[in-house]
Number of protein chains: 2
Amino acid sequence: MTQNLEVDRRVRLNRDRVLQAAVFLADETGIDSLSMRRLAQELQVVPMALYKHVSKKEELLDGMVETIIAEIDPSAGGSDWKSEVRQRVLSARRALQRHPWARQVIESRTTRTPAVLAYWDSFTGMFLAGGLSVDLTHHVMHAMGGRMWGFTQELFDDPAAAAGQSAVPSAAQAVMLQQMTDLYPNIAAIAASSAHDGASVVGQGCDDQFEFEFALDLLLDGFERLHRQGWSSKPGKPSGGRQD
Amino acid sequence: MTQNLEVDRRVRLNRDRVLQAAVFLADETGIDSLSMRRLAQELQVVPMALYKHVSKKEELLDGMVETIIAEIDPSAGGSDWKSEVRQRVLSARRALQRHPWARQVIESRTTRTPAVLAYWDSFTGMFLAGGLSVDLTHHVMHAMGGRMWGFTQELFDDPAAAAGQSAVPSAAQAVMLQQMTDLYPNIAAIAASSAHDGASVVGQGCDDQFEFEFALDLLLDGFERLHRQGWSSKPGKPSGGRQD
DNA sequence: ACCTGAACACCGTTCAAGT
DNA sequence: ACCTGAACACCGTTCAAGT
């Protein structure tokens, strides 16, 4: 019965093939050039054919987020909540780094799809299983914000843009550097201490992975401290525990 | 000489009038309906007239960010670095809350305009003036990420979307709530403990301002602790200070 | 110096029609 | 059930022309 539906036009569209192609196209050409029309072309299909599988472009983007979530490793289990959370966050970060468009798309989404809710729920569960109170876990989840997905605003990325254009001759570059130092002395101080190559104003010397883990651990340590102290959001009700 | 250039067509365009109108239009109708054409129409001018004052739409958005930055209170001075930073961040947060589109636009910008650099520089300066090492300040700036602008991912906003549609009859709502509890028990646990009204799954009970300050203070306290300990990113070089 | 008009190469999405 | 074609109401931006 099911023998020669192999080539109906191509392999026949379905939601998964659409999403996979969309992820691939976004990886290759950037999220800005991902249009319904361009995607249809890639799938050798007329634009409107896509609308049988995703009802709007928004739903396409929601679907793409789902595929990202699927790439995040589930908790291995067997260790303390802190390292379990840490592992999960770093895995999420790796998934997002494989797809440069993902952070922006996740941030732009307002709908809570089941996949997103399931991810949050499982994330929440790591703290609760670790013994943190529901109250503390609630605020912890807020505090994790984007870090739960493995991203922060990498404000100091793209150092070339900060230093001026990328391929300026070094004489002009020296002038720019001097101007930067005059105009932005504090940024310049950081640049001077962290840059090994001297050419970049901020960055180049920045190890994003280090910065990410710095902030992550600061928060995790903070959570742990509050947990040990029996912190509660209701004043005057610290549920026991020493004040170390 | 300069007497009757009052009404050339309207008041005559300039960059400031364009930016102001753009901010107003985005405030009123949302960032998605801010198009060059729509903005031109608002200013009673043909679309191309705008291009004398901003070279591309990107530059328009950069300009809009500048106007937001101008709304952030400069440091009052006279207090310790921690409360000064805190005040500045909360002021930034207020500015962003006046313009709901601002967070998204700031996040989408990749160019470092002078206004943005100046803001970062002044922000950096608060830590350095407080005596934090250049090294620590560097990583602190990374860790502040979006919080320096006064925003976090408010993941739990828009509770209606999480609970299903907004105006569901309460019988159907109860079914939904049960489903939520089955599917996402950990989120449900948080919702149950924080919701006073019982109807919302997550949120409604969430005080965004509280959550924001919770995470902010956790970080600030962490920074302070590292500062007191003489923390350094280079291992084995804690520059003095007790380990409390 | 500043604004206009027409045009180009795109968008997302609808609707009615084909197989 | 799935795909197509034509059409609608938009985009950002260029270029040559007007005042």
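Letters A, B, ... are given to chains in the order of the sequence lines, protein chains preceding strands, and every chain is numbered from 1.
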Of C:dC11, C:dC3, D:dC3, the nucleotide closest to the side chain of B:Ala49 is C:dC3
Is any NZ, NE, NH1 or NH2 atom of the basic residue among B:Glu42 and B:Arg38 found under 4.0 Å from an Asp or Glu carboxylate oxygen of the other?
yes
Base partner of C:dC3, which must satisfy Watson-Crick or wobble distances under 3.5 Å
none
With both distances kept under 3.5 Å, what pairs with D:dA17, Watson-Crick or G-U wobble?
none
Taking only the side-chain nitrogens and oxygens of A:His53, find out if one of them lies under 4.0 Å from OP1 or OP2 of D:dC2.
no
Compare the minimum distances between each of C:dC11, D:dG12, C:dA6 and the side chain of B:Ser35, then state the nucleotide with the smallest one.
D:dG12
Does C:dG12 have its OP1 or OP2 closer than 4.0 Å to a side-chain nitrogen or oxygen of A:Lys57?
yes
Is there a Watson-Crick or G-U wobble partner for C:dC10 with both distances under 3.5 Å, and if so, which one is it?
none
Using whole Å, what does the distance between atom P of nucleotide D:dC11 and atom CG of B:Leu39 come to?
11 Å
Take atom NZ of A:Lys56 and atom C1' of C:dC11, then tell me their distance rounded to the nearest Å.
15 Å
Without swapping roles, check the side chain of A:Asp121 against the backbone of B:Asn186 for a donor-acceptor pair under 3.5 Å.
yes
A:Met36 side-chain proximity, nearest of C:dG12, C:dG5, C:dA7
C:dG12
Please state the P separation for the pair D:dA9 and C:dA9 - nearest whole angstrom.
22 Å
Go nucleotide by nucleotide along DNA chain C from the 5' end; which of A:Ser55 and A:Ser33 gets its closest nucleotide reached first?
A:Ser33
Run the salt-bridge test on B:Glu213 and B:Arg86 with the 4.0 Å N-O cut-off and return the result as yes or no.
yes
Show the numbers, then the answer: is there a side chain to side chain contact (heavy atoms under 4.5 Å, CB included) between B:Leu117 and A:Leu183?
CA-CA 9 Å; B:Leu117 286 168; A:Leu183 283 168; over 6 Å; no
For A:Tyr51 and C:dT13, give me the distance from atom OH to atom P, rounded to whole Å.
4 Å
Taken to the nearest whole Å, CZ/A:Arg37 to C1'/D:dC11 is 12 Å
Would you please indicate yes or no on a ring centroid separation below 6.0 angstrom for B:Phe210 and A:His139?
yes
For the pair made of CG in B:Leu50 and P in C:dC3, what is the distance, rounded to whole Å?
9 Å
Between D:dC8 and C:dC10, how far apart are the C1' atoms? Round to whole Å, please.
15 Å
Whole angstroms only, please: what is the NZ-P distance between A:Lys52 and C:dG18?
16 Å
To the nearest angstrom, how far is B:Met48 atom CE from C:dG5 atom P?
12 Å
CZ of B:Arg38 versus C1' of C:dC11: gap in Å, rounded?
18 Å
